[in-house]
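No experiment lies behind these values; they were computed from the predicted model shown. Chain A is the first sequence line, chain B the second, and so forth, proteins listed ahead of strands; every chain is numbered from 1.
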There are 2 protein chains.
Amino acid sequence: MPDPRPPRARAAARPTPDASAPPGARRATIDDVARAAGVSKATVSRFLNHRETLLTPDIATRVETAVAALGYSPSPMARALKRGRSRLIGLVVADVTNPFSVAVLRGAERACQQAGYLLMLFNLGNDSGRERAAIEALASYQVEGFILNTLGRDAGAVVDGARQGRPVVLVDRRHSGLQADFVSLDNASAVHMAAGHLAEQGWRDLLYVTEPMRGVSSRLEREAAFRAFAQQADGVRGQTFESQDGDGATDALAEALRAWRAQAAPRRAAVLSSNSVITLRLAGAMARLGWHWGRELGLVGFDDTDWAPHVGPGITTIAQPTDDLGRLAANCLIERLQGLVLPPRQILLPGQLVVRGSSLGSLAPA
Amino acid sequence: MPDPRPPRARAAARPTPDASAPPGARRATIDDVARAAGVSKATVSRFLNHRETLLTPDIATRVETAVAALGYSPSPMARALKRGRSRLIGLVVADVTNPFSVAVLRGAERACQQAGYLLMLFNLGNDSGRERAAIEALASYQVEGFILNTLGRDAGAVVDGARQGRPVVLVDRRHSGLQADFVSLDNASAVHMAAGHLAEQGWRDLLYVTEPMRGVSSRLEREAAFRAFAQQADGVRGQTFESQDGDGATDALAEALRAWRAQAAPRRAAVLSSNSVITLRLAGAMARLGWHWGRELGLVGFDDTDWAPHVGPGITTIAQPTDDLGRLAANCLIERLQGLVLPPRQILLPGQLVVRGSSLGSLAPA
DNA sequence: TTGTAGGCGTTATCAG
DNA sequence: CTGATAACGCCTACAA
């Protein structure tokens, strides 16, 4: 059978759907394609979705041509409506302002894009009251799953109820009552690493400074690990300070530091900061006191921000593998979406100690 | 600014849809509500959308009850399919890693949420080749409009073609050939303010350090304003250095600084940094040279990041009203969506000079 | 004031 | 292998 080349102009020739179309130009629909190809909608649909179904070569080419000529691409909305799946993933973030969240977001976003998913973003702005609203809003858009970096105290019920059978993966903050994959830094090891480093460098009195715990799992875990370390370590004393948010925060913190160092003297005192927000606050307090990192006080801080090398003598940090966290979270979710059924996984990634001046004992003449 | 809030669809009665529903539980549809209330779908729809239409009190209550009882809320997907509008706004960002982008994102996100819109995020990761893909992906989800912080050189065609009649607002980066609202810092004034401040403080030789321009409007504008300033100012010399991205970036920059200062001597030399990314790179270069801000070199940098106070003697910055930029961009867009028809607006917001140690002449013993 | 019916763009089922 | 046809959940003429 000779190939009856259709008399139509070559299709693939025109990659640009229509850059000069009048603004109102309607997107091509499957109907248009069907008409153009002289076949039925069903055929076009099959051509698009079930490539394995063998179509008559002739028909296949005709459809292909028409699709190309019209610059057709199927409407995800209509698809979602029909299939109940949307190629959308909902990402709820506690606070886009937090560099950690952003870094995770970045990793997740890339992984999603690669897998053909788009991200719908909902930022809580640290107002955990909006958590339920966020999930519902996202759910109503038929997101296929959630990546959550936002669990407050009793958010489990919220999630459990609202997710309506959609897979969830938790990042950084877990919830014991919730069946879900969980991706996070290995907080216990990280704290041990950080505190161990401080002790090794000769700092004897350690203060762990954290944001108010408020039942946030990562905060609790880090703090607990810190206490555990202090108890087990020889000749090291440890204590925790919760730095309340708000206006007087820096002053209160400065006062706490002064007191802590006074009671420690003549032993050398250092601080372990729970995240970059606190590290910044600590920097403010130090300035107020006229103290210098590595001299009057040692410091290791969670989160290896890009400015860490440039503050004081350089801040020693625990770098979180943020990109991987985001990527793994997204991939976990996508696997579930593809039907993987397994008991909830826990993925704990190691942190990395980046040593800089702020924790170096040699600099410190008590 | 008029309150763009849409009429609420949800009846407030029952905040908890059903936290204990079996995971597979189907979302209630308008049909379920109609059945439960013993009315037709049309009536329910009217109750939801056209509150002004008078319904018989009896019927209204029945519908309301049913809605509440079932925890019903309409499916935005179905709505979008029917109405062609989706309550979605597409946000394309050049680089989520850039704090400026994030800050804008934050402002925009809040404004959108308040107006009942959700944000679909697409991050280019500085790969401007994906711009077209981004816009098309977003468009296929029927986003009602775009907020773009990403225009490369000839992106105008892309946008113009792909947006298909959907309103666009540009943030920070404009494109002359494109009819669209534009929200940005007033770059010219900001540069004048910054450079003026340096001159005033006795710095005589000014180096403007910028990322490669690559046709990005904001970069071009700032650089042009800087040159204009240098020409017009008495006894001030100015020059521009484009810092290429990549591995050797910091070294190359350090070398440039050294050369610049050498040719300037004994006049006092200062640097104007085009954004926080460059400022960080400058900090790296300074460290390599063993120089100190405010002593060997003066500095004013664009973007008032939260770490600026803590680097060296504190970095003098031009603070951009990022939150407002994001908010205004979103509101601009939303106004258009509500039918406002006007020629493209330009909203230029003033920056604010935040003086810290890095630019203070008094510290500098040449 | 309310109900009926048709369609938005797809996919899936069932005949042919 | 292909083509009608019926949903998916919602909105809106039009009719009652």
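At the phosphate of D:dG9, neither OP1 nor OP2 sits under 4.0 Å from any side-chain N or O atom of A:Y141. Between A:S75 and the phosphate of C:dC8, there is no side-chain N or O to OP1/OP2 separation shorter than 4.0 Å. Dashed line: the shortest gap from a side-chain N or O of B:S40 to OP1 or OP2 of C:dG3 is under 4.0 Å. Note on B:R79: every side-chain N or O is 4.0 Å or more away from OP1 and OP2 of D:dG9.
Among the heavy atoms of the strands, none lies under 4.0 Å from A:F47. Counting non-hydrogen atoms under 4.0 angstrom, A:S140 reaches nothing in the nucleic acid. Within 4.0 Å (heavy atoms only), A:I59 reaches sugar-phosphate atoms of the nucleic acid but no base atom.
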Protein N or O to nucleotides 12-16 of chain D N or O, pairs below 3.5 Å:
residue, atom, partner, partner atom, Å
D:dT12, OP2, B:H50, NE2, 3.3

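Nearest heavy-atom pair across B:E144 and B:R166 is O-CB, 3.6 Å.
Of the charged side-chain nitrogens involved, at least one lies within less than 4.0 Å of a carboxylate oxygen, so that B:D323 and B:R110 count as a salt-bridged pair. B:E335 and B:R345 are joined by a salt bridge, as a carboxylate oxygen and a charged side-chain nitrogen come within less than 4.0 angstrom of each other.
Formation of a donor-acceptor pair under 3.5 Å by the A:R27 side chain with backbone atoms of B:A139 is not found in this model. The backbone N or O of A:S45 lies less than 3.5 Å from a partner atom in the side chain of A:N49, making a donor-acceptor pair. Of the possible donor and acceptor atoms, one in the side chain of B:Y141 sits under 3.5 Å from a partner among the backbone N and O of A:S86. Checked by atom type and distance alone, the side chain of A:R62 pairs as donor or acceptor with a backbone atom of A:A37 at under 3.5 Å.
For A:L55, the listed nucleotide lying nearest its side chain is D:dT2; candidates were C:dT2, D:dG9, D:dT2. Which of D:dC11, D:dT2, C:dG9 sits closest to the side chain of B:I30 comes down to D:dC11.
Across the protein-nucleic acid pair, B:D31 atom CG and D:dA7 atom C1' stand 12 Å apart, rounded to whole Å. Separating the CE atom of B:M77 from the C1' atom of D:dC11 is a distance of 17 Å, rounded to the nearest angstrom. A:L81 places its CG atom 8 Å from the C1' atom of D:dC10, with the value rounded to the nearest Å. Distance, B:R35 CZ to D:dG9 P: 11 Å, rounded to whole Å.
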